[in-house]
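Atoms within each ligand, like the ligands themselves, are counted from 1 in listed order.
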Amino acid sequence: MSLIVQKFGGSSVRDKERLYRAAQRAVDTYQKGNQVVVVVSAQGNTTDSLIKKAQEIGDTPPGREMDVLLSTGEQISMALMAMAISGLGCPAISLTGWQAGIKTCETHQNARIRHIDTTRIREELAKGNIVVVAGFQGIDEQENITTLGRGGSDSTAVALAEALLADRCQIFTDVEGIYTADPQVVEEAVKLTSISYDEMLKLASMGAKVLHDRSVAMARRGNVVLEVLSSITESEGTVVQENSNSAAPHLQGVTADRTVVRYCIKGLNRESGGLYTFIEELAQAGIRPDLLGQNEEGEIFFTAAHSKREEINRILKKRRLHIKEEDIWAKITAVGQQLTAFPKLKKEFFEVLHEAEIPWEDSWMEEDRFSVLVLRERANDAVHALHQVVLRHHLK
Ligand code: ASP
Ligand code: MG
C-alpha cells in the first residue's frame, strides 16, 4: 500500500463541478488500494476577496486577525471536499491545519512550517479515511493561527508528504505539468516528463508560478518526489526529482518575472567596501539583488523583487544614497545545466533578441541560467525569442 498526498489548488476546487472532479481523483487513488491525504486551497479568488474585505475595515489590519480571516478560505474547501468524497461513497474527514498538527513559526502571513505532529492524520488513515487537510495554515507555539504566504498550500502538501514519508506528492493544477515555457504565451512549448529539483527551483524563483518556490526547496531537502499534473485531463504530468536528467549540458525552460524593479545608485564605492556592506545589509533583510553591475559613470545597478521595494528604500535612505528606481522591466530567464559548455550560447540568445528587435538592458550568464532585462511590454516577445534557443539545446 502506498501513501499519496494530493494537493488541489484554488482553480481545481473553484466550483461544484471542479470539486467533484478532484474528489473523484482522490477516490480513484484510494480505491486502487492507496492511503490518500488531500490538501486543498481556498476556492477560486476567495483569498483575494478576504484580503479586500479586511482592507475595507482598515488599512493596517493586525497580522494575527488577518490570519484568522485568511484561514477560513481553506476551511470552506476542506469541508466541501470531504462532503464530495463522502458523496462518492468513500469515508473522509477534514482537518484544519492545527487539527492536523501543523506547527509553524509566529510570522503572520509568511509563517514557515517547523514541525508536523502526524498522530491524528495517521489515526484517521488507519481508520480507512481519506484525510482532507486545509492548506496554507498552521498554528504557532502560542496556538495562534498562522498562514504560510500566498501560494502556500503547495508547501503544506510537500511538508505533509515529508512528515508522513509519503511515496509521492501530487500537485494538481490547471496546466498539465511543467513546460519549456508558459504554454499560454508560447504555443510551441513542450511538456517536460521530468525536471530536477534545482532546475525547478530556479524556474520558480525566476518567475514561474506553477509551484511555490519554498515548496520546491522543501521537496529537495526532504527528497519528496513531486508530480505536477492536470486536475482536468488524465494526461501524464511532470515529475520533479533528484537527477532526473542526464548530466549532459542542456536548456530546460524559459520564464519571465514581470515584477522586478531596477535600481541605479550613485555614490556607492566598490573599492572602499561600501558596496559589499550594502549587499550584506540587503541580504540580512532577505533581499537578493540580481543582475548586479556597474556602468562607466560608476553607478551601481541591480534588480530586486517588487515586494521588497519599501525595505530597499528604507536601507538606501538610511545610507543617504541617491537612487533612481525603474519599474518598467521584466527579467527573462532561461534555465538549464552546464550552460558554459555551449561556447556560443550567449551569442545565440542575443541574436534571437536582435532578430525580434527587442532591446535589452542588463544580462547575466552562469552555469544554470541566462537572464536578460527587457521592457515589460516586450516580455512575451522575449520569452518567444529565447524559447527558440531553449528548444535547440533541449534534452528530449
Ligand atoms: N489560498 C492561498 C492563496 O491564494 C494559498 C494557496 O492558494 O496556496 O494564496
Ligand atoms: Mg498555487
Side-chain angles (χ1 to χ4, degrees), residues 5-15 18-19 21-22 25-26 37-55 61 63-82 94-98 100 102 104-105 107-113 116 132-140 145-162 169-175 178 200-201 203-205 207-219 224 226-232 240 259 305-307:
V5 175
Q6 299 187 318
K7 182 253 169 179
F8 295 95
S11 59
S12 307
V13 296
R14 98 180 157 208
D15 52 27
R18 291 280 181 98
L19 200 87
R21 210 187 282 243
R25 282 310 257 276
V37 173
V38 173
V39 175
V40 284
S41 295
Q43 292 184 288
N45 298 325
T46 305
T47 308
D48 291 326
S49 330
L50 290 172
I51 292 171
K52 233 187 243 145
K53 261 190 211 298
Q55 282 163 350
R64 180 188 184 281
E65 304 313 326
M66 207 52 202
D67 280 348
V68 175
L69 180 69
L70 294 186
S71 64
T72 61
E74 271 68 16
Q75 215 165 308
I76 294 172
S77 295
M78 76 184 209
L80 295 176
M81 178 61 87
S94 67
L95 299 175
T96 60
W98 57 102
I102 300 174
T104 74
C105 69
T107 315
H108 288 292
Q109 274 103 79
N110 199 21
R112 281 165 195 261
I113 298 175
I116 303 182
V132 184
V133 179
F136 176 59
Q137 56 174 263
I139 49 167
D140 68 10
I145 298 174
T146 53
T147 61
L148 308 179
R150 297 308 304 268
S153 298
D154 290 344
S155 297
T156 304
V158 173
L160 280 172
E162 184 184 2
C169 180
Q170 296 182 313
I171 308 280
F172 288 91
T173 172
D174 50 5
V175 291
I178 314 292
M200 190 60 234
L201 193 56
L203 280 176
S205 66
K209 299 232 167 50
V210 200
L211 285 173
H212 199 221
D213 57 355
R214 207 187 275 172
S215 73
V216 184
M218 232 190 242
V224 174
L226 263 183
E227 188 180 357
V228 179
L229 64 176
S230 162
S231 60
I232 299 153
V240 188
T259 62
H306 194 274
S307 56

Review point. Any N or O on Gly151 sitting closer than 3.5 Å to an N or O of ligand 1?
Key: yes
Review point. Should you measure from each heavy atom of Arg150, which atoms of ligand 1 turn up under 4.0 Å away?
Key: 3 (C), 4 (O), 9 (O)
Check your understanding: So is Asp154 polar-close to ligand 1, meaning N/O to N/O under 3.5 Å?
Key -> no
Point to revise | Note, Glu162 side chain near Ile113 side chain (heavy atom, < 4.5 Å) | key: no
Exercise for review: State, with a plain yes or no, whether a side-chain heavy atom of Leu80 is found less than 4.5 Å away from one of Val13.
Suggested key: no
Review point. Is a salt bridge present between Arg21 and Asp15, judged by a nitrogen-to-oxygen distance below 4.0 Å?
Key: no
Review point. Out of curiosity, is Gly135 lining ligand 1, as in a heavy atom under 4.0 Å away?
Key: no
Check your understanding: Among side-chain atoms of Asp67 and Thr146, is any donor-acceptor pair under 3.5 angstrom?
Key -> no
Check your understanding: So which bit of Ser41 gets within less than 4.0 Å of ligand 1, heavy atoms only: side chain, backbone, both or neither?
Key -> side chain
Study note, to complete from the structure: Logged contact type for Glu74 with ligand 1, heavy-atom cut-off 4.0 Å, is side chain
Check your understanding: So do Arg18 and Ser11 actually touch side chain to side chain, heavy atoms under 4.5 Å?
Key -> yes
